[in-house]
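One structure is given here, and the rest of the page talks about it.
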There are 2 protein chains.
Amino acid sequence: METHRRASLKDVAALAETSIATASRALSGTGYVAEATRQRILDAARTLNYQPNLRARGLRQRVSHSVGLIIPNLLNAYYTALADSISQQLAARGYHLLLSSTRDDAATEQETVVDMVGQAVDGLIWVPSTAETDLLTYLADQHTPAVAIVRRLANDPIDTVVFEDRAGSRAATQHLLSLGHQRIAYIGGDMMYSSNRDRWQGYLEALRQAGLELDESLVKLGTNRGTWGTMATNDLLRLDPAPTAVFVASNAIMPGVIRTLRQAGVSLPGEMSLICFDDVDWFSFSVPPITAISTAYTALAEAAVDLLMTRITGTSGGADRPPVFMEVNFEFVLRRSTAAPRTGPLQFRDLHLVEAASAEGVS
Amino acid sequence: METHRRASLKDVAALAETSIATASRALSGTGYVAEATRQRILDAARTLNYQPNLRARGLRQRVSHSVGLIIPNLLNAYYTALADSISQQLAARGYHLLLSSTRDDAATEQETVVDMVGQAVDGLIWVPSTAETDLLTYLADQHTPAVAIVRRLANDPIDTVVFEDRAGSRAATQHLLSLGHQRIAYIGGDMMYSSNRDRWQGYLEALRQAGLELDESLVKLGTNRGTWGTMATNDLLRLDPAPTAVFVASNAIMPGVIRTLRQAGVSLPGEMSLICFDDVDWFSFSVPPITAISTAYTALAEAAVDLLMTRITGTSGGADRPPVFMEVNFEFVLRRSTAAPRTGPLQFRDLHLVEAASAEGVS
DNA sequence: GGCGACTCTGAGAACGTTTGCATCATCCTA
DNA sequence: TAGGATGATGCAAACGTTCTCAGAGTCGCC
């Protein structure tokens, strides 16, 4: 009896004085096995603390019951909320999660995908960092089903679930328009991601429908970072006339925006209305609470897992069905950071005035 | 040539007209193989899009190059920050991450650990949900090294890395004391976790050192949730005299506390000082920015991974070394939510007064 | 008393790797 | 010219499972 190894089926069989095959049958509950032997085997397994080696099982069955999830970032609440939902969904179906973040680096992404395929995951859920990628043909070669989430690939070549970026963005802009704003600034993230492009389109559409023409100086397209929020906001505040409202297209940019507005002494929503695409927890207890477009994480998670499962199990047309494209709902969350524009020029003041003013919000 | 399977080493060998053994050697770069054959094999691998099956490799080598990470929650920035650090550390060492969250449910935890061991991870990093657990003997039986983080197990039977909960908590309390506060409320999380117990001890120590005696009515011990923050704060505000400062022992409780204070119209830090153990991003752009005890995530991640690696590889006394216990630094981050207590009774007012007052903070 | 059906069991192949060992050619050196 | 290095290759075992297959025992029924 080796003492430096986990107990294997062989050990259990030996202790129960039976064959490996019978032990396997007894433990998995398939096929015939006499009640007496079954008990002997179960007892043996218990005394040896036997735990099946899922790696070996997977090898034999060519199924791992695990799926990989690839997200850009573990520090963005947006993605961890998603990961949480997906993990729950998968657990409910008896699947494990392999989670990796790419930091939006193409090389890391490539590496990660290859790694996961090497681990022989049954499928992949994936926030692609680019619209074009040869990983796709790679995945096809490896016969590993994948579904893209949050961002689209060119021509949606695989199952895809995204948020209603365009419609949500349009709604946000329309909200500001309906309050009477005419100079609505847009601070957006990286245009290489379809989500950001679509949000941008939504903004444009709303303006067009309102018969407004685009003022390029109000548009700040950069990256999905707080630092970008700082730069962009600084630029916007220097304009004359300044915008009366700002639409921030990603929660990741918000910290910079908010901090800069506060430092500049701009009161919200008195002197500036603020709305954000994506809703994260601290928006609700910010001062003032921030009006936002909230996206349906769990719905997206559910849809993505459902799609992947049909591909993996081959059910409901699974394997050969043409790629599906889905969008999940958004919800408009009205809080207190938006109000009708006030007439007169924007004044810069120091901090204590700001916070006094910040309570003037619409209810 | 089957078309429904990933290419295996056998296929590569066949295409390159050589043996499986040689193909393996060529691809792994071990042992002798003639330059010409090596090229043939590499070409074959490329045309077939060959990807080694890590599952099979792991089976043979008895090493998976993956470690499991078990955290209570994916929605708490506290833990995802940790996960992010750990994932980076592991990646740098060529290890994969299997991540699961338990939602602090003992049954789920049990299940998860067993699952991961079944997956044959090389080791486990783990935020235990209880101090006593038979999982320990289980892990020992399975010869799977594990390190506990954030929370301690009874008698620290395995390698453990935690934050300086006690010292940090003492520092926070001393800060309030030094500002002149005498009635310092404590809102704490679940006492079944060592981290919360230690924070509680730190608070007591600081009071004792200052010669103050404990006022039970100022102590609110509950769970690590925002809803608890709401309840506890409501209770505290009803006291007469009310506390002049609140020490919140976990970021997870903060949303409820902050929201309740705002709703009640309590100005920060004018009428109430507020300090929190754990620092999360929105604290810095809250109004006012919140003074906090910041813990060294990356240091903890590094230490945990280091320890685990020595156990796995058996280096530097690895396998048999007695369990190590470590604490990592905290940092006191002074912002603007704490100030000297003001004399006179606490007054409840409506929201716009609150925010005006919130700018009175110490710099 | 013969035959099919049912129950139970074990031998052995297979999954895709790595690796110890044996074999064989080639080359160098004494 | 013998003989040991050295380079290059393949066979086969092993990792821990599952699963097909065949064999053996038991029972019931015609």
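A note on names: the letters A, B, ... follow the listed sequences, proteins ahead of strands, and every chain is numbered from 1.
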For the residue pair A:His65 and A:Tyr95, does the interplanar ring angle fall in the parallel (under 30°), tilted (30 to 60°) or perpendicular (over 60°) class? tilted

Decide whether B:Arg40 and B:Thr18 meet the rule of one side-chain donor and one side-chain acceptor closer than 3.5 Å. no

DNA chain D: 5'-proximal contact among A:Arg57 and A:Lys10 (nearest heavy atom): A:Lys10

Span of DNA chain D, from the first to the last nucleotide whose atoms fall under 4.0 Å of chain A heavy atoms: D:dG16 to D:dT20

Does CD belonging to A:Glu17 count more than 12 external heavy atoms closer than 6.0 Å? no

Results of side chain to side chain donor-acceptor pair (under 3.5 Å) for B:Arg38 - residues two or more places apart only: none

For DNA chain C, note the earliest and the latest nucleotide, 5' to 3', having some atom under 4.0 Å of a heavy atom belonging to chain A. C:dT7 to C:dG16

Of all heavy-atom pairs between A:Asp11 and A:Ala7, which one has the smallest distance, and what is that distance? OD2-CA, 3.3 Å

Of all of residues 30-42 of chain B, which get a heavy atom below 4.0 angstrom from DNA chain D, listed by number? B:Tyr32, B:Val33, B:Ala34, B:Thr37

Using heavy atoms and a sub-4.0 Å distance, could you list which residues of residues 18-25 of chain B are near DNA chain D? By number, please. B:Thr18, B:Ser19, B:Ala21, B:Thr22, B:Arg25

Return yes when atom CD of A:Glu132 has more than 12 non-hydrogen atoms of other residues, nucleotides or ligands closer than 6.0 Å, and no otherwise. no

Can you tell me how far the OH atom of B:Tyr297 sits from the OG1 atom of B:Thr80, to the nearest 0.5 Å? 8.0 Å

Who passes side chain to side chain donor-acceptor pair (under 3.5 Å) against B:Ser66, sequence neighbours left out? B:Ser64

Mind jotting down which residue pairs meet the salt bridge (charged side-chain N to carboxylate O under 4.0 Å, His left out) criterion with at least one end in residues 135-153 of chain B? Sequence neighbours excluded, please. B:Asp104-B:Arg151, B:Arg152-B:Asp156

B:Asp43: partners by salt bridge (Lys or Arg N to Asp or Glu O under 4.0 Å), with sequence neighbours left out: B:Arg46

Exercise answer: donor-acceptor pairs, residues 83-90 of chain A side-chain atoms, under 3.5 Å, sequence neighbours excluded:
{"residue": "A:Asp84", "atom": "OD1", "partner": "B:Arg103", "partner atom": "NH2", "Å": "2.9"}
{"residue": "A:Asp84", "atom": "OD2", "partner": "B:Arg103", "partner atom": "NH2", "Å": "2.7"}
{"residue": "A:Gln88", "atom": "OE1", "partner": "B:Arg103", "partner atom": "NH2", "Å": "2.9"}
{"residue": "A:Gln89", "atom": "OE1", "partner": "A:Arg93", "partner atom": "NH1", "Å": "3.3"}

Under the side chain to side chain donor-acceptor pair (under 3.5 Å) test, which residues partner A:Asn73, sequence neighbours left out? none

How many angstroms lie between atom CD1 of A:Ile149 and atom CD1 of A:Ile70, to the nearest 0.5 angstrom? 10.0 Å

Which pairs count as salt bridge (charged side-chain N to carboxylate O under 4.0 Å, His left out) when at least one residue sits in residues 65-79 of chain A, sequence neighbours excluded? none

End axis versus end axis in the helix from C:dG1-D:dC30 to C:dA30-D:dT1, the angle rounded to 10°, five pairs used at each terminus: 60°

Closest heavy-atom contact between A:Arg311 and A:Arg321? NH1-O, 2.8 Å

